[in-house]
Amino acid sequence: MSLYLEHLNPEQHAAVTLPEQHALILAGAGSGKTRVLTTRIAWLIKNSLASPGQILAVTFTNKAAREMQTRLSAMLPINPRGMWIGTFHGLCNRMLRAHHRDAGLPQTFQILDSADQLAAVKRIVKSMNVDEDKFPPREVQWFINARKEEGLRAQAVGAQDGITRRYVEMYAAYDAQCQRDGVVDFSELLLRSYELLTRNEVLRAHYAERFRHILVDEFQDTNRLQYRWLRLLCGPNSALFAVGDDDQSIYRFRGANVGNMADFERDFAVEKVIRLEQNYRSQGNILSAANALIAHNENRLGKNLWTAAGEGEPLRVYEANSDLDEARFIVDEVQALSREGVPYQDMAVLYRSNAQSRVIEHALFGAGIAYRVYGGLRFFERAEVKHALAYLRLVATPEDDNALLRVCNFPPRGIGARSVEALVDAARNAPTATDSNTPAFGLGPDNEDARLSRLAGSLWSSIPQLAGKAGTSLQAFRALIERLQQETRGLTLGETAAHVIAHSGLIEHYGKEREGADRIENLNELVNAATGFDPAEAIIDIATGETTDPTVVDPLTAFLSHAALEAGEHQAGEGQDALQMMTVHSAKGLEFQVVFISGLEEGLFPHEQSLNERDGLEEERRLAYVAITRARTRLYLTVAQTRMLHGQTRYNLPSRFLNEVPETLMKWLTPRYNERRARADDAAWLNPGASARGHFSSDFSAGAAAAQSARFAAPASALGGFRIGQSVIHPKFGQGVIVDAEGAGSEARVQVNFSRNGVKWLALGVAKLTAV
DNA sequence: CTACCAGTCCTTTTT
DNA sequence: GGACTGGTAG
């Protein structure tokens with residue numbers, strides 16, 4: 001056995017050396033799935049079962065793609081850059097650049113990120129005079145993306161009711177606008193590529209013949225369109241090797257379809273399903289807790305993780321009085337662990353929603369602990385960087401309306417809403433390019449690319465016609481961009497970026513702002529990024545995949561695609577030893593020696609909104625499963641009895657997920673739980689309607705009942721035995737009923753509706769209330 | 001046209 | 001509690 005296959009366990013080995021056939025690898029958390037994927041590729045190449053050009057490896061994130069390339073180049077004496085390894089979006093981008101004519105796109109098409117797309121949708125909603133309250137742009141955006149991910153163009157969407165018809169109209173108008181601007185959104189990359197392969201059988205056959213081995217990572221995260229895309233590329237001689245874990249499917253809210261795993265087994269008549277169940281990450285108790293929790297889900301393919309490591313410590317559970325107390329506890333433990341020699345960067349605080357991070361950050365800051373929060377604005381998403389990129393986009397493609405609207409008045413140059421409106425009107429009334437042979441404004445097509453990228457009706461092309469004040473200022477802006485185009489001709493990418501930013505007025509503008517120094521720093525960083533950008537990374541030769549051809553894409557377009565597809569690292573402070581803070585979602589794929597899962601409360605985790613969704617509770621449970629399996633040796637679970645949320649104190653019950661982990665695996669650091677658990681069990685009688693519905697226990701009604709009773713029961717324990725709905729007697733005000741409550745402990749107050757004296761707020765620490 | 005203030009709405013997120 | 005939006009005053 002050759003060196004690189006050593007240390008594989010029997011299942012991993014079987015997966016890596018599987019004959020050329022379709023296979024589904026059910027890879028549990030921490031079971032070495034990335035290792036299996038990369039070793040599989042290396043094995044195929046070393047045994048001459050495939051050349052590098054015959055392999056297509058698809059991941060979900062850039063990070064995963066990079067890691068695969070890094071590991072591969074360590075195993076093989078080849079440059080993996082020439083290989084088709086990348087994200088779905090990155091690979092589709094590659095394909096569309098190569099076949100842009102067939103796909104009906106200009107070669108320099110720009111990519112809209114979500115924010116750009118939302119702005120574009122807003123323009124559509126406005127221009128169609130649609131009521132924004134009835135059709136919120138976010139909803140419209142979601143509608144469009146969801147349809148695209150089903151593979152449906154506007155005209156293919158069946159619209160029964162007037163509302164849907166309106167959505168469809170906006171979808172159609174949005175697509176037309178994108179086509180005219182020469183821009184493509186994320187889901188469009190997929191759909192356009194899919195359509196290209198459907199319509200062009202020669203092309204499809206070429207790729208299907210070429211890709212003998214298609215390997216897919218995180219298969220449970222694929223959406224329907226991605227699955228169909230894979231099917232198109234999978235020819236009669238191709239083998240599809242899908243790796244995934246249905247228990248870690250946590251992205252259904254954005255279109256991921258776990259059902260693809262079952263469909264794959266059926267559609268491809270998969271004979272080989274291999275389960276990787278040995279976990280190399282977590283100690284026994286942590287793993288047992290994860291297994292016990294996830295066993296409560298009904299819809300599973302089934303899998304049980306085990307480890308050769310010992311049991312390790314029990315899970316430590318802390319029930320805090322409040323979110324502040326919870327934060328304080330975490331800080332204390334982190335400090336203690338740090339003193340014991342655990343590096344900060346090997347500890348992580350996980351939470352269900354971003355809003356929870358603030359309190360913990362505050363406590364960490366107060367204690368002087370270095371921390372790093374994931375999930376903030378990323379480099380290429382920062383306003384100043386997007387502004388600079390918009391200038392660069394205009395230099396590349398001035399017809400890009402999105403870019404033009406973003407910066408035509410930034411920094412302010414007297415082009416306000418009225419001027420923009422005048423320009424939009426002019427563009428709308430301009431002769432449109434419905435007949436593709438009609439040249440636009442004398443910018444006759446010297447070649448096909450020019451025709452595709454210089455369509456009439458763009459804002460840019462309408463500027464010269466404008467008269468008056470709006471015309472003057474906009475023409476000055478147009479002159480600026482044209483000047484930049486001329487001055488940067490022949491310059492390198494880095495020089496172009498430096499020149500455009502220097503003459504955009506952005507530096508001067510931010511120089512005047514109080515907080516502008518950071519922004520200018522980021523602009524300089526952007527110039528550095530452009531200077532250091534290696535376009536070869538983004539360019540592959542279409543015919544062979546083995547050589548690179550710099551003429552395929554110009555460096556500026558490549559850089560702009562890179563900026564959109566890979567928004568850059570989350571935040572600075574990369575190398576520093578800092579405590580890691582992130583949502584459970586963004587923790588997927590990571591591991592830490594010590595993990596804190598905070599906010600394990602009904603309503604928060606599981607999130608109350610998820611209880612209204614079909615199978616929402618199961619997805620929340622998978623999320624908890626992902627969270628637990630991040631920990632190697634120590635896992636803390638924390639609950640807060642009260643929590644400030646949206647400026648209001650809320651009372652929550654401990655999460656049901658705590659009840660789903662066997663007591664024997666847990667060590668309670670606070671004593672109150674059993675008492676509270678008893679109350680939780682009693683909670684139903686406080687709310688008879690809920691218990692009646694809960695009886696028919698579908699996930700939905702049971703979940704809703706529990707969430708509702710939580711609100712009734714939680715104040716009872718926080719209010720020293722009082723609860724909402726309870727009858728009480730006050731020595732002065734007489735008899736009444738508690739109707740509301742806030743605060744806890746000595747701060748607790750209740751609102752009582754007295755039959756003779758009306759509604760009053762009373763502090764429990766002061767008022768002498770007696771329960772009846 | 002810009003700058004400031006009040007009212008609203010709150011999951012999760014990668015590409 | 002805070003980010004974002006829309007309206008109004010300057």
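Here is how names work: the chains are called A, B, and so on, in the same order as the sequence lines, proteins then strands, and each is numbered from 1.
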Undergrad: Taking the six-membered ring for Trp, does His607(A) stack with dT11(B) (centroid gap under 5.5 Å, planes within less than 30°)?
TA: yes
Undergrad: Reading DNA chain B from 5' onward, which residue's closest nucleotide shows up sooner: Leu623(A) or Thr87(A)?
TA: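 In this pair, the answer is Leu623(A).
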Undergrad: Taking the cut-offs as 6.0 angstrom to the six-membered ring centre and 45 degrees off its axis, would you call Arg147(A) and Phe143(A) a cation-pi pair?
TA: yes
Undergrad: Got a list of protein N/O to nucleotides 2-9 of chain B N/O distances below 3.5 Å?
TA:
unit_1, atom_1, unit_2, atom_2, d
dT2(B), OP1, Asn409(A), ND2, 3.4
dT2(B), OP2, Asn409(A), ND2, 3.2

Undergrad: Let me know the distance between CE of Met644(A) and P of dC10(B), rounded to the nearest Å.
TA: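 From Met644(A) CE to dC10(B) P: 19 Å.
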Undergrad: With distance as the sole test, does Ser598(A) use its side chain to make a donor-acceptor pair with the main-chain N or O of Leu350(A) at under 3.5 Å?
TA: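 Flag set: sc Ser598(A) to bb Leu350(A) pair under 3.5 Å.
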Undergrad: Can you tell me which nucleotide in dT15(B), dT11(B), dC1(B) comes closest to the side chain of Ser353(A)?
TA: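 In terms of side-chain proximity for Ser353(A), the closest of dT15(B), dT11(B), dC1(B) is dT11(B).
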Undergrad: When we call it a touch if two heavy atoms are under 4.0 Å apart, what does Arg418(A) touch: a base, just sugar-phosphate, or nothing?
TA: sugar-phosphate
Undergrad: Taking atom P of dT11(B) as reference, at what distance in whole Å does atom CZ of Arg621(A) sit?
TA: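 So the two atoms are 23 Å apart, to the nearest Å.
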Undergrad: Does dT12(B) fall in syn (glycosidic angle within 90° of 0) or anti?
TA: anti
Undergrad: May I ask you to say what Asn62(A) touches in the nucleic acid, namely base, sugar-phosphate or nothing, with a heavy-atom cut-off under 4.0 Å?
TA: sugar-phosphate
Undergrad: So Ser419(A), base contact, sugar-phosphate only, or nothing? Heavy-atom distance under 4.0 Å.
TA: sugar-phosphate
Undergrad: Would you mind reading off the distance between Phe410(A) atom CZ and dC1(B) atom C1', rounded to a whole angstrom?
TA: 15 Å
Undergrad: With nearest nucleotide decided by heavy atoms, which residue, Ser114(A) or Ala355(A), maps closer to the 5′ end of DNA chain B?
TA: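 The answer here is Ala355(A).
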Undergrad: Spell out yes or no: do the side chain of Arg352(A) and the base of dT11(B) have one donor N/O and one acceptor N/O closer than 3.5 Å?
TA: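 In this structure, the two groups form no donor-acceptor pair.
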Undergrad: Starting at atom CD of Glu139(A), determine the distance to atom C1' of dT11(B), rounded to an integer number of angstrom.
TA: 14 Å
Undergrad: Are Glu508(A) and Arg519(A) ion-paired here, with the side-chain N under 4.0 Å from a carboxylate O?
TA: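 No, no charged N to carboxylate O under 4.0 Å.
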Undergrad: dT13(B), dT15(B), dG2(C): which one has an atom nearest the side-chain heavy atoms of His585(A)?
TA: dT13(B)
Undergrad: List in chain and number order the residues that pass side chain to side chain contact (heavy atoms under 4.5 Å, CB included) with Ala115(A), two or more places apart in sequence or in another chain; answer none if no residue qualifies.
TA: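 Residues passing side chain to side chain contact (heavy atoms under 4.5 Å, CB included) with Ala115(A): Asp113(A), Lys386(A).
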Undergrad: Would you say a side-chain N or O of Ser586(A) is under 4.0 Å from OP1 or OP2 of dT12(B)?
TA: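 So the side chain of Ser586(A) is outside the cut-off, no N or O lying under 4.0 Å from OP1 or OP2 of dT12(B).
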Undergrad: So, is Arg254(A) near the phosphate of dT14(B), with a side-chain N or O under 4.0 Å from OP1 or OP2?
TA: no
Undergrad: Select base, sugar-phosphate, or nothing to describe what Glu218(A) touches, counting heavy atoms under 4.0 Å on all strands.
TA: nothing
Undergrad: If you check every side-chain atom of Gln609(A), which of dT11(B), dT14(B), dG2(C) has the closest atom?
TA: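 The nucleotide sitting nearest to the side chain is dT11(B).
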Undergrad: How many Å lie between CG on Asn223(A) and C1' on dT14(B), as a whole number?
TA: 12 Å
Undergrad: How would you list, by chain and number, every residue that makes a salt bridge (charged side-chain N to carboxylate O under 4.0 Å, His left out) with Glu591(A), sequence neighbours excluded?
TA: Arg281(A), Arg632(A)
Undergrad: Can a salt bridge be assigned to the pair Glu326(A) and Arg643(A) using a cut-off of 4.0 Å between side-chain N and carboxylate O?
TA: yes
Undergrad: How many whole angstroms separate atom CZ of Arg252(A) from atom P of dT13(B)?
TA: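 My rounded result for the distance is 17 Å.
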Undergrad: Is the shortest distance from a Lys or Arg side-chain nitrogen in Arg622(A) or Glu619(A) to a carboxylate oxygen in the other one below 4.0 Å?
TA: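 So Arg622(A) pairs with Glu619(A) through a salt bridge.
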Undergrad: Quick one, give me the B/S/- string for nucleotides 4-10 of chain C, reading 5' to 3', where B means a protein heavy atom under 4.0 Å from the base and S means that only happens at the primed atoms, P, OP1 or OP2.
TA: -SS----
Undergrad: Ring centroid separation for Phe533(A) and His562(A), is it under 6.0 angstrom?
TA: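 Yes; His562(A) has its ring centre under 6.0 Å from that of Phe533(A).
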Undergrad: Holding to salt bridge (charged side-chain N to carboxylate O under 4.0 Å, His left out), I want the full list of residues that pass it with Asp246(A), two or more places apart in sequence or in another chain.
TA: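 Counting only residues at least two positions away or on another chain, Asp246(A) forms no salt bridge (charged side-chain N to carboxylate O under 4.0 Å, His left out).
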Undergrad: Among all residues two or more places apart in sequence or in another chain, which pass the side chain to side chain contact (heavy atoms under 4.5 Å, CB included) test with Ser504(A)?
TA: Tyr391(A), Leu506(A)
Undergrad: With rounding to whole Å, what would you report as the distance between dT13(B) and dC4(C) at their P atoms?
TA: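 Each nucleotide's P atom is 16 Å from the other's.
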Undergrad: Given 3.5 Å as the limit, does a donor-acceptor pair link the side chain of Arg413(A) with the main chain of Cys408(A), or not?
TA: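 Checking the backbone N and O of Cys408(A) against the side chain of Arg413(A), a donor-acceptor pair under 3.5 Å is found.
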Undergrad: From OH of Tyr374(A) over to C1' of dT13(B), roughly how many Å is that when rounded to an integer?
TA: 16 Å
Undergrad: Expressed as a whole number of angstroms, how long is the span from Arg378(A):CZ to dT13(B):P?
TA: 11 Å
Undergrad: Under 5.5 Å between ring centres and under 30° between planes: does that hold for Tyr251(A) against the base of dT14(B)?
TA: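 Stacking between Tyr251(A) and dT14(B): absent.
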Undergrad: dT13(B) phosphate, OP1 or OP2: any side-chain N/O from Asn354(A) under 4.0 angstrom?
TA: yes
